[in-house]
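Some notes on the structure that comes next.
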Amino acid sequence: MVVWSIGEVLWDVFPEEERFGGAALNFCANLQRLGEQARLLSAVGQDDRGRLALDRMRSLGLSTDGVRVVAELPTGTATITTAADGEPSFAIPRPAAFDRVSIGPADFELAQSQGVDWLYFGTLLQTEPQVEEAIVALARHLPNAARFYDMNLRTGHWNLPLVQRLSALCSVLKLNEAEAETLFALTRPGEAFSLETFCSSWASTYRIDRICVTLGPAGCLIYDGGALHRVPGYAVTVQDTVGSGDAFAAAFLHGTARGWPVVEAARFANALGSIVASRAGATPEWTVEEVIRRTGSLGS
């Protein structure tokens, strides 16, 4: 499976240290470790963080061919604080180098020659209109490629019309329960929220094949062609949750591409997400064998 991911490369700034990350980068790193071919389209600054980011990408086995180096903006950062319930919040200065990601005719030709199977994107970069336009154009040039939208709403870096347009572009949508509740309140004010109602209405409105709602330690809910599946999670001692949702996305897409039953793909995704949450950093070390042992599944 060949996946092109459009998104941010940045440094997660914790009180004690900086860690390499960015949702699209984390997704690609996990997908590559699962044996898939992932190409990241992004940009870094012509600075120390940018040079180190490219080195870290190579150490993760990722190509840097799709990552621009720009002189006019710094490499992106996200200052992370953690609430009492363990949920992180992100302060992301904009514009940053990742806002200058470039997708042009040469990329369209390369994508067609490589036979891209999936496009992956989030919300953050698409607040820059030229980035959204480029992703829409790339999708049009790849009519046979499925599209995975990993919502990842960050305060101050999204708006409802944008989320609605991106939802209409995707085949598979992933979001968390709080995001689902926020969107429900904005689009169906006064109605009692339920995940079942949200998924059925959102999928119908935007013609989405599958919706994955992550539920933290409780696992996830998958809406698949009108059927709902609640798949329990795995108990772990959490180090930090940054990157766990990106690992879930990579594992779920891995299982989907292999034609696994949706519950098996979700169980595999829950397992990898829990392993990442139990270790420090957004892209910690793990092995496929660990994930398989946790699920009791033979899928790989």
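As the structure is a computational prediction, the values presented were derived from the model and not from experiment. Position 1 is the first residue of the sequence; numbering continues from there.
By the 4.5 Å heavy-atom criterion applied to side chains, P261 and E264 are counted as neighbours. In this structure, F121 and L166 have side chains that are in contact, with non-hydrogen atoms separated by less than 4.5 Å. Side chains of W118 and R147 form no contact here, defined as non-hydrogen atoms less than 4.5 Å apart. Within the 4.5 Å cutoff, the side chain of T123 has no heavy atoms near those of the R154 side chain. Residues L25 and L40 are in side-chain contact: their nearest non-hydrogen atoms beyond the backbone lie under 4.5 Å apart. At least one side-chain heavy atom of V288 sits less than 4.5 Å from a side-chain heavy atom of I292. Looking at L183 and R188, their side chains never come closer than 4.5 Å, going by heavy atoms from C-beta outward. Counting heavy atoms from C-beta on, the side chains of T214 and E177 never come closer than 4.5 Å.
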Applying side chain to side chain contact (heavy atoms under 4.5 Å, CB included), run through V276 and D246 and close with a yes or a no. CA-CA 9 Å; V276 170; D246 309 320; over 6 Å; no
Quick one: do I275 and V291 satisfy side chain to side chain contact (heavy atoms under 4.5 Å, CB included)? Show the steps, please. CA-CA 8 Å; I275 289 171; V291 186; 3.9 Å; yes
Between R94 and T127, is the side chain to side chain donor-acceptor pair (under 3.5 Å) condition met? List the steps. CA-CA 10 Å; R94 306 282 293 276; T127 55; 2.9 Å; yes
Show, in sequence, the C-alpha distance, side-chain angles and deciding distance for L124 and N152, and conclude whether the side chain to side chain contact (heavy atoms under 4.5 Å, CB included) test is met. CA-CA 8 Å; L124 183 68; N152 280 325; over 6 Å; no
Verdict with reasoning, I103 to F108, per side chain to side chain contact (heavy atoms under 4.5 Å, CB included): CA-CA 8 Å; I103 305 172; F108 300 156; 3.7 Å; yes
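Partner Q130 forms a side-chain hydrogen bond (donor to acceptor under 3.5 Å, both in side chains) with one of E128, E133, Q126 and no other, that one being E128. The ring pair (Phe, Tyr, Trp, His ring centres under 6.0 Å) with F268 is formed by just one residue from the set F248, F252, W260; it is W260. Checked options F198, F193, W202; the residue passing with F184 is F193 (criterion: ring pair (Phe, Tyr, Trp, His ring centres under 6.0 Å)).
Separation of atoms OG (S42) and CZ (R100) is listed at 12.5 Å; rounding is to 0.5 Å. L153 contributes atom CG, which lies 10.0 Å from atom CG of N159 (distance to the nearest 0.5 angstrom). Note: T182 OG1 to M151 CE = 10.0 Å, rounded to the nearest 0.5 Å. Distance check, rounded to the nearest 0.5 Å: CG of L173 to CG of D150 gives 8.5 Å. From E191, atom CD reaches atom OG1 of T187 across 8.5 Å, with rounding to the nearest 0.5 Å. For the atom pair R56 CZ and T283 OG1, the distance stands at 8.0 Å (nearest 0.5 Å).
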Kindly list each side-chain donor-acceptor pair under 3.5 angstrom involving residues 222-239, sequence neighbours excluded, with atom names and distances?
unit_1, atom_1, unit_2, atom_2, d
D224, OD1, R210, NE, 2.9
R230, NH2, E196, OE2, 3.4

If you look only at distance, which donor and acceptor atoms sit under 3.5 Å apart when one is on a side chain in residues 5-15 and the other is two or more places apart or in another chain?
unit_1, atom_1, unit_2, atom_2, d
E8, OE2, A23, N, 3.4
W11, NE1, R49, O, 3.1

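For the residue pair H254 / E36, a side-chain donor-acceptor distance below 3.5 Å is found, with atom types taken as modelled. Judged purely by distance below 3.5 Å, without hydrogens or angles, the side chains of W4 and Q114 pair a donor atom with an acceptor atom. Side-chain polar atoms of D47 and T75 form a donor-acceptor pair below 3.5 angstrom. If you check the side chains of T287 and R33, you find no donor sitting under 3.5 Å from an acceptor. Judged by distance alone, the side chains of S244 and T241 never bring a donor and an acceptor atom under 3.5 Å apart. Side-chain contact, Y149 with S171: no donor N or O sits under 3.5 Å from an acceptor N or O.
The two residues L169 and A139 make their nearest non-hydrogen contact at CD1-CB, 4.1 Å. When every heavy atom of Q32 is checked against every heavy atom of G61, the shortest pair comes out as NE2-O, 3.3 Å. The minimum heavy-atom distance linking S63 with M57 is given by the pair O-CE, 3.2 Å. For the pair K174 and G245, the tightest heavy-atom approach, listed with the atom from each and the gap, is CE-O, 3.1 Å. When every heavy atom of A251 is checked against every heavy atom of A269, the shortest pair comes out as CB-CA, 3.5 Å. Scanning all heavy atoms of the two residues, the minimum distance from C199 to V213 falls at SG-CG2, 3.8 Å.
L138 and V67 are not part of a single hydrophobic cluster, where members link through side-chain heavy atoms under 4.5 Å apart. V131 and L162 fall within a single hydrophobic cluster, where Ile, Leu, Val, Met, Phe, Trp and Tyr are joined by side-chain heavy atoms under 4.5 Å apart, directly or via other members. Taking hydrophobic clusters as Ile, Leu, Val, Met, Phe, Trp and Tyr residues chained together by side-chain heavy-atom distances below 4.5 Å, L60 does not share a cluster with L34. No single ILVMFWY cluster, assembled from side-chain heavy atoms under 4.5 Å apart, contains both F148 and Y206. Linking Ile, Leu, Val, Met, Phe, Trp and Tyr whenever their side-chain heavy atoms come within less than 4.5 Å puts I211 and L160 in one cluster.
Side-chain atoms of H141 come within 3.5 Å of backbone atoms of A137 as a donor-acceptor pair (strictly under, hydrogens ignored). Remark: side-chain polar atoms of D117 are paired, donor with acceptor, to backbone N or O of V2 under 3.5 angstrom. Distance alone, capped at 3.5 Å, places no donor-acceptor pair between the N30 side chain and the F27 backbone. Under the 3.5 Å distance criterion, the side-chain polar atoms of R279 are matched with a main-chain donor or acceptor of E285.
Taking 4.0 Å as the cut-off between side-chain N and carboxylate O, D65 and R39 do not count as a salt-bridged pair.
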